[in-house]
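Below: the structure, in structure tokens.
Chain letters run A, B, ... following the sequence lines, proteins first, then strands; residues in each count from 1.
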2 protein chains.
Amino acid sequence: MQITSKFTVAVHILACIDIFDGQMRVTSDFLSGSTGVNAVIVRGVLGQLRNAGIVETRQGSGGAHLAKALDEITLYDIYKAVDCVDDEGLFHFHENPNADCPVGRNIHKAMDGRLEAAQAALENELKSTTLAQVVADTRKIIDEE
Amino acid sequence: MQITSKFTVAVHILACIDIFDGQMRVTSDFLSGSTGVNAVIVRGVLGQLRNAGIVETRQGSGGAHLAKALDEITLYDIYKAVDCVDDEGLFHFHENPNADCPVGRNIHKAMDGRLEAAQAALENELKSTTLAQVVADTRKIIDEE
DNA sequence: AAAGTTGAAACAGAAATGTTTACAACTTTA
DNA sequence: TAAAGTTGTAAACATTTCTGTTTCAACTTT
């Protein structure tokens with residue numbers, strides 16, 4: 001089980017937009033080249049980021065741009081934007097526990113709070129990190145090369 | 001994306017073993033009935049729990065038993081036992097970032113620490129919860145019915 | 001010896017995910 | 001206005017992952 005790579009692709013895309021915008025047109029084709037991911041997938045991710053208000057894109061005129069400052073975009077915003085987890089939650093409960101069994105009938109309720117707490121711990125950590133930090137680290141590594 | 005339901009099935013199974021052991025033989029067939037999950041899947045989960053030293057089962061003689069005290073089993077132990085996440089980690093990095101692009105070449109390194117921290121936050125939360133707590137809650141809910 | 005059970009492998013089906021192809025809608029440039 | 005380049009999106013296809021099913025050998029108890 002792994003969280004969809006669209007998440008890391010999205011971060012990669014946003015880092016590219018920040019670093020290359022102004023120098024060149026950051027098209028889905030260019031981003032496909034940098035990420036190694038199909039241009040249609042890139043456009044899909046860009047669409048989700050656009051719906052979340054994180055980037056701006058327009059038909060015809062190529063080139064994506066950030067819609068927010070880097071330090072106003074957290075990893076959690078991106079994680080939500082690309083739908084890493086659905087409304088069911090991170091953990092998948094088995095669907096048909098036996099209601100005639102006292103355990104089967106109640107285990108879901110007994111676990112729910114714990115599972116939500118675990119998911120919240122993950123998400124809070126993502127909320128505490130901004131793209132500004134990730135891009136700063138990336139630039140630093142590039143400069144040190 | 002969701003963590004395999006084998007995790008909640010495993011917790012359900014362990015709760016059943018604790019609650020019904022002594023009263024009846026807790027066989028894979030019985031557990032299949034309580035969880036609503038195929039008996040072969042149940043035996044698979046029991047096998048993983050046995051490998052992790054959490055339960056004891058034997059061929060021929062039916063009936064699973066706990067191999068540890070309830071308060072010595074954390075949700076993390078179960079999560080590891082049933083292989084919720086593999087060695088690659090919870091997050092899935094896209095495989096072919098372009099090494100000719102400064103971002104593509106370095107984004108992985110720039111993100112890794114952050115992703116590991118997020119995964120650790122989830123796992124630490126699971127480590128802080130024992131089966132004893134979950135079963136106590138389950139018994140409490142049963143008693144209040 | 002018979003009945004019940006676990007362990008494990010092989011196969012099938014379903015569901016989720018990712019890829020590719022195709023094309024209409026749009027913008028810019030010449 | 002025409003051409004070229006780009007985005008948005010749908011549809012078809014392929015791949016992967018998860019779950020269920022079947023089958024049977026090995027084992028234990030009665």
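Every residue meeting the side-chain contact (heavy atoms from CB on, under 4.5 Å) condition with B:K68, not counting sequence neighbours, appears here in chain and number order: B:E72, B:I73. Listed by chain and number, the residues in a side chain to side chain donor-acceptor pair (under 3.5 Å) with B:T74 are B:D77 (sequence neighbours excluded). Every side-chain contact (heavy atoms from CB on, under 4.5 Å) that A:E125 has, sequence neighbours left out, goes to A:S128, B:A117, B:A118, B:A121. Every residue two or more places apart in sequence or in another chain that forms a side-chain contact (heavy atoms from CB on, under 4.5 Å) with B:K80 is listed here: B:Y76. Applying the ring-ring contact (aromatic ring centres under 6.0 Å, His included) test to A:H65 and every residue at least two apart in sequence or in another chain returns nothing. Remark: B:T129 pairs with no residue by the side chain to side chain donor-acceptor pair (under 3.5 Å) rule, at least two apart or across chains.
Relative ring orientation between A:H108 and A:F93 is described as parallel, the plane-to-plane angle staying below 30° on a 0-90° scale split at 30° and 60°.
A donor-acceptor contact closer than 3.5 angstrom links the side chains of B:S34 and B:H12.
Sequence neighbours left out, the pairs with a member in residues 9-32 of chain A that pass salt bridge (charged side-chain N to carboxylate O under 4.0 Å, His left out) are A:D18-A:R139. Pairs engaging residues 41-59 of chain B under the salt bridge (charged side-chain N to carboxylate O under 4.0 Å, His left out) rule: none recorded [sequence neighbours left out].
Nucleotides of DNA chain C that come within less than 4.0 Å of any heavy atom of chain A span, from the 5' end to the 3' end, C:dG18 to C:dT28.
Listed by residue number, there are no residues of residues 17-25 of chain B with a heavy-atom contact under 4.0 Å to DNA chain D. Contacts between residues 27-38 of chain A and DNA chain D, defined by a heavy-atom separation under 4.0 Å, are made by A:T27, A:S28.
C:dT19 is paired with D:dA12 under the criterion used here, namely a Watson-Crick or G-U wobble arrangement in which both key atom distances are under 3.5 Å.
The CZ-P distance, from A:F91 to D:dC18, rounds to 15 Å in whole Å. If you measure from atom NZ of B:K6 to atom P of D:dC18, you get 8 Å, rounded to the nearest angstrom.
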Nucleotide N/O of nucleotides 8-13 of chain D paired with protein N/O under 3.5 Å:
from	atom 1	to	atom 2	distance (Å)
D:dG8	OP1	A:R50	NE	3.1
D:dG8	OP1	A:R50	NH2	3.2
D:dG8	OP1	A:T57	OG1	2.7
D:dG8	O4'	A:Q59	NE2	3.1
D:dG8	N7	A:R43	NE	3.0
D:dG8	O6	A:R43	NH2	3.1

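Side-chain atoms of B:N98 come within 3.5 Å of backbone atoms of A:G33 as a donor-acceptor pair (strictly under, hydrogens ignored).
At D:dC18, none of the side-chain N or O atoms of B:S5 fall inside 4.0 Å of OP1 or OP2 (strictly under the cut-off).
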